[in-house]
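Presented below is the structure to which this report refers.
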Amino acid sequence: MNGHSPDAVPSRPSSVRVSPRPSSVRVSSRPQMLRAKSDFGPRHFETPSESADEASSVDGHFKIRHGWDDQLNSEEYNQLLTSSFFMYYTEKKHETGGIPKSEGNAYPLQEWRMRDRLKTVSAVLALCLNIGVDPPDVIKTNPCAKEECWIDPTVTSQTPGHTPMNQIGKALQTQYEQLSMRTRYKLLLDPTTEETRKYTSTLRRNARNERVLFHYNGHGVPRPTSSGEIWVFNRNYTQYIPLSVYELQSWIGAPSLFVYDCSDAGLIIANFLRFAEKHQLEFEEAQRRDPNVEVVDFHDCIHLAACREKESLPTNPDLPADVFTSCLTDPITMAVKFFILQNPLPSNVTLRDAHNIPGKVSERRTPIGELNWIFTAITDTIAWNSLSKPLFKKLFRQDLMVAALFRNYLLAQRIMRVYHCHPVSHPEIPQTHDHPLWRSWDLAVELILAQLPDLQAEARGEKEHVYKHSEFFSEQLTAFEVYLQQGAVEQKIPEQLPIVLQVLLSQVHRLRALILLSSFLDHGPWAVNLALSIGIFPYVLKLLQSQANELKPVMVFIWARILAVDQSCQTDLLKDNGYQYFINIYNPNSGIPIQNASEHRAMCSFIIAMFCKDYNQGQRASLSPELVESCLDHLKDFQNPLLRQWSCLCLSKLWVNYEEAKWVGIRCMAHERLCELVFDPVSEVRAAMLYALTTFLGIRDVTPQVAAIEESIASMILVMTTDGNSMVRRELLIFFSTFVLRYKTKFLVAAFEQLSEEATSDDFTRENGNGDDLFMKGGAAKPAAAPLSSSCSQNTIYAAIWREVMVMAVDPHPEVARDASAVVDYVLIALLQSPLGKFVGPLYDELIRRSPPNRTQRRVYEEKPAPQPSQPPTPSKEASYLSLLGGLRRTGSVAASLKTIWTGHDTNTSPQKSPSRAKVDEYNASESRPHTPERYSVEEQPKTRGFLPRSLGVPPQLPLKSRIFDWSVEYFREPQMKPTEADEPGSTDYNGRLWRRNRNDKIIAETQPLKEVAVTHQWNHQHALFDNLSQPMKICFHQFEEHMVVTDNRDTINVIEYSGGPTRRINCFSNGNPTDSRITEARFINEDDQALLMTGSSDGVIKIFRNYDTRGKTELVTAFRALTDLVPSNRNAGLVFDWQQGRGSILVAGDVKVIRVWNAGTEICTSDIPARSGSCITSLTSDQVEGNVFIAGFGDGAVRVYDQRQKPATAMVKVWKEHKQWITNVHLQRGGQRELVSGCRDGEVKLWDIRMNKSVKTIQGTSDHLKTLSVHEHAPVFAVGTQRHQVKIFNINTGKPVSQWEPYSGFLRDRSQPVTGTAFHPHRLMIAASASHSNFVSIHTCNVAKHHHTKTPSSVVKVWDGNT
């Protein structure tokens, strides 16, 4: 749901399991696939010994540590093992970064409204029959077709004045009136030239710019001439008078519609077009003489002709003489008669019965009414599928008369070609006589004719008969449903769409048709455009007047999809108060007959928001205290984040530039109730809330009340600067930019005082005095120089926001940093141009002089750190903004900001001094990290998708523009009813995921049995060796892919492929951490599928990269500051973290007094657990099965155990202080016997059981300094890297050495350098190591004999077929 779940893609971590998800986070369903059994499956262990201290034995059979064996054998564990697993940081918000698609590419809106709708207001019906006299060029057969408009002209009426000619004329008019009642008809019976000129000219004059119809029946006159003439009569009917089509054009003008029912009729169209060109040239010539002359465009004339040139009309006596006219004006009778003539089977139905079908054409439940309805649906559908869309729109949607005639023209095409006539039209349309839907028409006619004798008998009162209605529409809806079930694709347009439109007229099938229509619209903008172009809109607009409860859910869905594509429907909603339909449903007290009512209310809020967007009349119509209260009430619906998100966005669109709505919000305390969402578990809701508050600002009259309200809003959301989601931080920055612009003068004062304070600060002088001395010694920093005695901004919200904006100017996320630097620059430029400018100049000069211009990174200074609260502070009405600030984090300095203006340097660096120094290693000052010649940012630094750098040549403009609304709208343009492409069996993504899962299970099955040989064979086989090109520090293997990540002592990340040929570097990129900081951790997340790379650096920042293994395509997914207020000391651990795939948690610690728990799904810090130690935390490890227990190693040698189920204050449940020096590493095995191993700098390695108060076993790993400790996740071995260039591997069970080897250091290099990094492969018996002053990484494997094959029981690996 637009990313509202914590990335709900099930996976099967090979080494982890999940705990139940919190109920507040919605999880979308994905196909469940059984997980193959592995080392974590239920196992039968031998009876354990009584004491955990005696857990180990020589043969290696022992009990699972920590009492977790019962857990592994429980049914609960089995259930958890097969439950869904989740992928993180792969949702839409991370894919797009909150950047909406460009409208042209996302959904090109097609013009579907009839802007140039016309009406045929007048019609001339010219009948040249001259009854009783045959024209000279016509030879009639005997018998011959006689009937005109179903009247035999040879039969005279006994009624005076009712001549056959009059009767035929009136009958033709009546038939035309069935098509269009509002058209004014003028009969010309056997007309003269003068009569024709007079009436056509008069009708054109009265019609003005509307359409005029000219119907010409030439059955009693000669054929049209090749020179462009048709025939009429003289006054005495003694001569045929030629009438030039050229003159007829001049009289009738344009737009016009011509129907020619005569032989050689196609010739008239050809001559008309030739004369139209001639007229066009004349008009152009006239315009050159007089630009004001009126021009007639004869291209806007439509023609229907009965036959081609040199073709004669049918003379079959079973047909009427005017077959073409009968098809056009009385199609049902003509079609039924044609069916009877073509039916080869004997029948009781006669040709005369075609005129006697019961009922009225206008009543759809009667036989003839139903037949007419079916005919309309079929001809409309044939045209829709055969014509181009612009032509269909012109002929079938622009003019009711034209649409009716062209529908009937399709019937004429079908009937007349049987009698060797081929009707002609202009514009020309393709032949449709063989369209498959005509068979459906024949079936419908046949079914009605089968009932006709019984219906006639019932009419005579002879018997009772219940009319059986046609199944045509329900069958067509079923066909449409099949199309949808097969997976509608954009290339295949559904044939039944016009029929669905017709079905909406029927109350019987309406609900089903609407449900299917909504399912079709769900396919995206292309489907919405198709539905709108077919003419669906007037129907769904009219249905808003219906109060039927069962229609409400589907109407809400359809309107949401329409408004997501075309915002112009706002005016239509305003007419007849259609918008009120959705406001009523949105009310929490109204009932919707559906289970997921909250989701439909979310759609209602979207519809109301779109109704108000950029439409002041919509805002005014919608505004009411009830609507605002409804929005605010829905903010408490914690089951549906989409409803909360759109309730915020609905309020925002109600408030934009509309003060009255803002005052209604103030009276409802809307701002305070919105601020309660600062810690909402869904980032989109938090971003929407900030957007709403941003639009809330801006009441023109800034009274003390308004200022106080806006200050309180700013103070309540200030805590969100620590949010882990970049979209939220950007929306917060947009709020700040609006706030800065609104209170510009106060921010100029705050900036000036901050500048003065920094310029006179001793800290700044000391900071810039020594390039290496980036960190203050000792515990707390001194406070900055005393503020000016006349400080106006001290302890105000303006100063606080100004400092936060400067911090955000060096945010780890490039977009936030880019936009925040624009805000800073705007204020600083305004300060230079203000009356304070003359005082600012010298301060600027001094700061620039102190800051070396060649240093591109921003300098920062320390504020007095405040104690971290165990929970993020929650704003209250009584609390002042100062209580919210706690102690301001160290902020980006003004001096650093100045460089943006003068030097134009990129500012994407950290606002905090890295807690690691060039001279200080993680142990002590004497053991410094090796200085290799590499520089920072040598490699390309990946940016977020769609990132555009700021153009420094363009002055910054405030306020910044938000994109959250446009991005959120995209949810309603995306399919929600069907699974994503990755979940469709057979899709490329699905097959890829299936293949990876089978591969993963195979690797697990192959490697698990090898655990036994890990302690019996040497590990000195060199599998691979590669040059890292810089000093390797951290090494991390991927569980299943054959590559690894190696980081150096600065900011470079190398991705190395170590098998499948020669070892090669497949990617290399920069982490982007600032100078004098380093990457301290690197982990893979989502390893079971397509992994992401998570890195932590010593400046407290965590970054996540996608496509990390593809050069040139690596992208930053997200970046956030996981640790703030790093405590400076002379021994720095930087940042350490542990990733819990099962829980989606990041445990972060380091040079701070707390362990911070970040939730990857919500992207907020869920708790700060006090470390309860004055020393820094050097390593973290956690239980990856349930995830509740984690263990931390400390710089003073302590090892502490924490339980997240406890309150933060009491979360520490165990502390061991047997180690006396810096803890190198502490690790809890994911598999195997779940051993907990810690290593101390003095060489001691200890095994622990969290139930015991002392260590289970102590092993002396080395006699010199222990530099690294690594533990295999499954095999009972661990490795230590020593000060003397050795890697030693030990048996965990016995404590005895298994193997020993030295990492490669290059030819003639010093082989006494300490080991800098070791890492086991999570499954394979493989270890990598590197040493100081060497760029090489060695990969060694256990010497398992090549012929050693372990048969894998068939029960271990189950091939995933995707169907389970």
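Just so we're clear, the structure is a prediction, and the values are computed from it rather than from any experiment.
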To the nearest 0.5 angstrom, please state how far the [atom1] atom of [X] sits from the [atom2] atom of [Y].
X	Y	atom1	atom2	result
Leu732	Asn725	CG	CG	12.0 Å
Leu1093	Cys1036	CG	SG	7.5 Å
Met1044	Phe1037	CE	CZ	4.0 Å
Asp819	Ile734	CG	CD1	7.0 Å
Glu1087	Met87	CD	CE	10.0 Å
Gln1140	Asn1159	CD	CG	10.5 Å

Please name the pair of heavy atoms, one in [X] and one in [Y], separated by the smallest distance, quoted to 0.1 Å.
X	Y	value
Ser737	Leu960	OG-N, 3.1 Å
Leu1123	Gly1150	CD1-N, 4.3 Å
Asp1027	Leu1029	OD1-N, 2.9 Å
Val1136	Leu1180	O-CD1, 3.9 Å
Phe1069	Pro942	CD1-CG, 3.6 Å
Ile99	Glu815	CD1-OE2, 3.1 Å

Measure the shortest side-chain to side-chain distance between [X] and [Y] over non-hydrogen atoms and say whether it is less than 4.5 angstrom.
X	Y	answer
Gln1039	Asn1000	no
Thr1268	Asn1225	no
Val728	Leu690	yes
Ile1104	Leu1116	no
Ser1330	Ile1035	yes
Leu1025	Val1337	no
Lys1267	Val1287	no
Lys1103	Phe1105	yes

Electrostatic pair [X]:[Y] at N-O distance under 4.0 angstrom:
X	Y	answer
Glu939	Arg1050	no
Arg729	Asp723	no
Asp1051	Arg1078	no
Glu1115	Lys943	no
Lys92	Glu970	yes
Glu1081	Arg1083	yes
Arg950	Asp825	yes

Could you walk me through whether Ser1059 and His1023 pass the side-chain contact (heavy atoms from CB on, under 4.5 Å) check?
-> CA-CA 9 Å; Ser1059 71; His1023 178 76; 4.1 Å; yes

Quick check against the 3.5 Å criterion: does [X] have a side-chain atom that pairs as donor or acceptor with the backbone of [Y]?
X	Y	value
Arg730	Ile964	no
Ser1334	Ala1331	no
Thr1316	Met1033	no
Gln1141	Asn1086	yes

Checking side-chain polar atoms at under 3.5 Å, does [X] have a donor or acceptor matched by the opposite partner on [Y]?
X	Y	result
Ser962	Glu731	yes
Ser987	Asp989	no
His1043	Tyr1108	yes
Asn1071	Thr1095	yes
Asn1335	Gln1031	no
Thr96	Trp967	yes
Lys93	Ser683	yes

For [X] and [Y], take the angle between the two ring planes, folded into 0 to 90°, and tell me which bin it lands in: parallel under 30, tilted 30 to 60, perpendicular over 60.
X	Y	result
Phe1040	His1323	parallel
Tyr89	Trp1139	tilted
Tyr1058	His1321	perpendicular

Result of checking Thr1052, Leu1135, Asn1073 against Ile1079 for side-chain contact (heavy atoms from CB on, under 4.5 Å) =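 It is Asn1073; the other options fail the test.
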
Evaluation steps, side-chain contact (heavy atoms from CB on, under 4.5 Å), between Phe1336 and Phe1026 = CA-CA 6 Å; Phe1336 289 94; Phe1026 60 89; over 6 Å; no

Could you tell me which residues satisfy salt bridge (Lys or Arg N to Asp or Glu O under 4.0 Å) with Arg1111, sequence neighbours excluded, listed by chain and number?
->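 With sequence neighbours excluded, Arg1111 shows a salt bridge (Lys or Arg N to Asp or Glu O under 4.0 Å) to no residue whatsoever.
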
Partners meeting salt bridge (Lys or Arg N to Asp or Glu O under 4.0 Å) with Arg1065 (sequence neighbours left out) =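 With sequence neighbours excluded, Arg1065 shows a salt bridge (Lys or Arg N to Asp or Glu O under 4.0 Å) to no residue whatsoever.
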
By side chain to side chain donor-acceptor pair (under 3.5 Å) - contacts of Ser726 (at least two apart) |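 Ser726: side chain to side chain donor-acceptor pair (under 3.5 Å) contacts with His813.
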
Asn1067 and Asp1109: side-chain hydrogen bond (donor to acceptor under 3.5 Å, both in side chains), yes or no, with the steps?
-> CA-CA 6 Å; Asn1067 198 11; Asp1109 56 347; over 6 Å; no

Would a line drawn from the ring center of Trp1158 to the ring center of Phe1137 be shorter than 6.0 Å?
->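 No - the distance between ring centres of Trp1158 and Phe1137 does not fall below the 6.0 Å cut-off.
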
Check against side-chain hydrogen bond (donor to acceptor under 3.5 Å, both in side chains), Ser1077 and Ser1097 = CA-CA 7 Å; Ser1077 66; Ser1097 50; 5.6 Å; no

Test log, rule side-chain hydrogen bond (donor to acceptor under 3.5 Å, both in side chains), inputs Thr1114 and Asn1107 = CA-CA 5 Å; Thr1114 308; Asn1107 304 329; over 6 Å; no

